[in-house]
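By convention here, the first residue in the shown sequence is residue 1. Here the structure is a predicted model, which is why all the values come from computation and not from measurement.
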Amino acid sequence: MLKLDILVLSVHPDDAELGCAGTILKHIASGKKAGIVDLTRGELGTRGSAEIRDKEAAESGRILGLAARENLGIPDGFFENTREYQLKIIAAIRKYQPEILITNAYHDRHPDHGRANKLVEDAAFLAGLRKVETQDLEGNLQAAWRPKQVLHFIQDNYIQPDILIDVTDFWDKKVESIRAFGSQFYNPEWADEPQTYISSPEFIQVVEARAREFGKSIQVKYAEGFTSRKILGVDSLFDLR
């Protein structure tokens, strides 16, 4: 079993990179183990294909230094919060036993993001119930496991964050991980493909602007924001910025 400190469960390949790659990089640099489990292969995306995005996700995982990356193969676009998909996610949570789980935003421009948020939140709770049975790939019964924290990154829609993480030292590497998805974001080599909202040169500028806005709030250059349904606590008032 590969136990992770941080597991990102997000619906599309590249969601994690856009939402929390800086935070992933920062914690890996401090010695933590992190991984990403993409729920879908993003097969309904206007540009590229599922196969291309599989390769891009693997390259991005290499750039980030992930301990693990896999894809659950849940259908893109038309999934619902069902027992079938909850059990797939429960099995992934129990496989990696993360202390912290990060997932999609509460709500967003893309409807998959909000639906994935609720699906993962429900699965994270159910993963802690021992009478909910799941098996690993060898058919062994998995032990119950519930992450200590479930956080949600902030995507296209502005949501007031509950916590901000300084990612200034890791910004360039975050952008590199995003650009690994050459089929999705601005790439002159894909000029003949249909252009989309996220493939314009301005989109990355918007991502940077959001990070600068969050950074200004804690007097750093770049920050990533997260929300939590659970009230967060600290050991000391001096841990606060």
Side-chain angles (χ1 to χ4, degrees), residues 1-17 19-21 23-43 50-51 53-76 79-105 112-113 115-153 177 226 228-230:
M1 182 195 74
L2 173 62
K3 180 175 175 12
L4 298 177
D5 299 295
I6 298 173
L7 176 62
V8 183
L9 270 163
S10 47
V11 65
H12 303 121
D14 72 31
D15 281 353
E17 282 78 3
C20 64
T23 299
I24 292 171
L25 287 160
K26 184 170 189 170
H27 285 85
I28 290 175
S30 73
K32 301 296 185 184
K33 290 183 179 179
I36 297 173
V37 173
D38 302 304
L39 304 191
T40 81
R41 298 173 72 198
E43 64 269 19
E51 292 75 20
R53 293 185 80 170
D54 289 345
K55 293 176 182 178
E56 292 170 341
E59 173 60 13
S60 177
R62 183 195 66 78
I63 292 167
L64 293 172
L66 299 178
R69 186 165 201 161
E70 64 175 281
N71 195 297
L72 296 186
I74 292 173
D76 190 18
F79 67 89
E80 298 293 341
N81 190 353
T82 64
R83 181 178 185 273
E84 175 188 2
Y85 300 141
Q86 287 174 0
L87 288 172
K88 279 180 174 284
I89 295 168
I90 290 167
I93 292 171
R94 290 173 172 179
K95 175 180 179 179
Y96 293 113
Q97 297 188 352
E99 300 299 317
I100 296 173
L101 182 64
I102 302 176
T103 191
N104 290 91
D112 280 2
H113 296 168
R115 285 188 293 121
N117 173 284
K118 185 68 170 103
L119 172 59
V120 173
E121 280 264 4
D122 289 352
F125 181 85
L126 293 170
L129 302 179
R130 65 182 182 86
K131 291 184 179 179
V132 176
E133 295 188 356
T134 55
Q135 297 177 335
D136 63 21
L137 294 177
E138 287 72 45
N140 302 309
L141 198 65
Q142 292 180 306
W145 183 269
R146 185 176 294 149
K148 292 178 181 177
Q149 300 285 351
V150 178
L151 300 176
H152 327 98
F153 48 73
S177 76
F226 300 87
S228 172
R229 287 190 170 92
K230 175 182 175 181

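For the pairing with H27, the side-chain contact (heavy atoms from CB on, under 4.5 Å) check across I24, L25, T23 returns one residue only, T23.
Expressed to the nearest 0.5 Å, how far OG of S177 lies from CG of L64 amounts to 4.5 Å. Between E121 atom CD and L126 atom CG the span is 11.5 Å, to the nearest 0.5 Å. Of the inter-residue distances, the one linking I102 atom CD1 with F226 atom CZ reads 4.5 Å to the nearest 0.5 angstrom. Atom-to-atom distance recorded for I90:CD1 and E133:CD is 11.5 Å, nearest 0.5 angstrom. Going from atom OG1 of T40 over to atom CG of N71 covers 6.5 Å, rounded to the nearest 0.5 Å. A distance of 9.0 Å separates CG of D136 from CG of L141, quoted to the nearest 0.5 Å.
When all heavy atoms of S10 and F153 are compared, the pair lying nearest together is CB-CZ, 3.9 Å. Taking each heavy atom of V8 and A16 in turn, the nearest pair found is CG1-CB, 3.6 Å. Nearest approach of P13 to G42, heavy atoms of both residues: CD-N, 3.9 Å. Shown here for T134 and R94, the closest heavy-atom pair between the two residues is OG1-NH1, 2.9 Å. Shortest non-hydrogen contact noted between T103 and A116 is OG1-O, 4.3 Å. Taking each heavy atom of I93 and A124 in turn, the nearest pair found is CD1-CA, 3.7 Å.
Side-chain atoms of E56 and E59, non-hydrogen and from C-beta on, never get closer than 4.5 Å to each other. N104 is not listed as a side-chain neighbour of V120, based on a closest heavy-atom distance of 4.5 Å or more. Between H113 and D15 there is a side-chain heavy-atom pair separated by less than 4.5 Å. Contact of the I6 side chain with the P98 side chain is not registered, since no non-hydrogen atoms from C-beta on lie closer than 4.5 Å. Side chains of L7 and P147 form no contact here, defined as non-hydrogen atoms less than 4.5 Å apart. Looking at L39 and F79, their side chains never come closer than 4.5 Å, going by heavy atoms from C-beta outward.
Every side chain to side chain donor-acceptor pair (under 3.5 Å) that E99 has, sequence neighbours left out, goes to K3, K148. For R69, the side chain to side chain donor-acceptor pair (under 3.5 Å) partners are E17, D38, not counting sequence neighbours. Every residue two or more places apart in sequence or in another chain that forms a side chain to side chain donor-acceptor pair (under 3.5 Å) with N81 is listed here: Q86, D122. Not counting sequence neighbours, the partners of E70 by the side chain to side chain donor-acceptor pair (under 3.5 Å) test are K95, Y96. For E84, the salt bridge (charged side-chain N to carboxylate O under 4.0 Å, His left out) test picks out no residue, with sequence neighbours left out.
For Q142 (side chain) and A91 (main-chain N/O), a donor-acceptor pair under 3.5 Å exists by modelled atom type. A donor-acceptor contact shorter than 3.5 Å is absent between the side chain of S60 and the backbone of A57.
Checked by atom type, the side-chain pair D112/H12 shows a donor-acceptor distance below 3.5 Å.
In summary, R41 and D76 do not engage in a salt bridge, as defined by a charged side-chain N under 4.0 Å from a carboxylate O.
The stretch residues 131-152 participates, sequence neighbours left out, in these ring-ring contact (aromatic ring centres under 6.0 Å, His included) pairs: Y106-H152.
In the displayed structure, F125 atom CZ is contacted under 6.0 Å by at most 12 heavy atoms of other residues, nucleotides or ligands.
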Apply side-chain contact (heavy atoms from CB on, under 4.5 Å) to the pair L4 and K32, showing each step before the final yes or no.
CA-CA 8 Å; L4 298 177; K32 301 296 185 184; over 6 Å; no
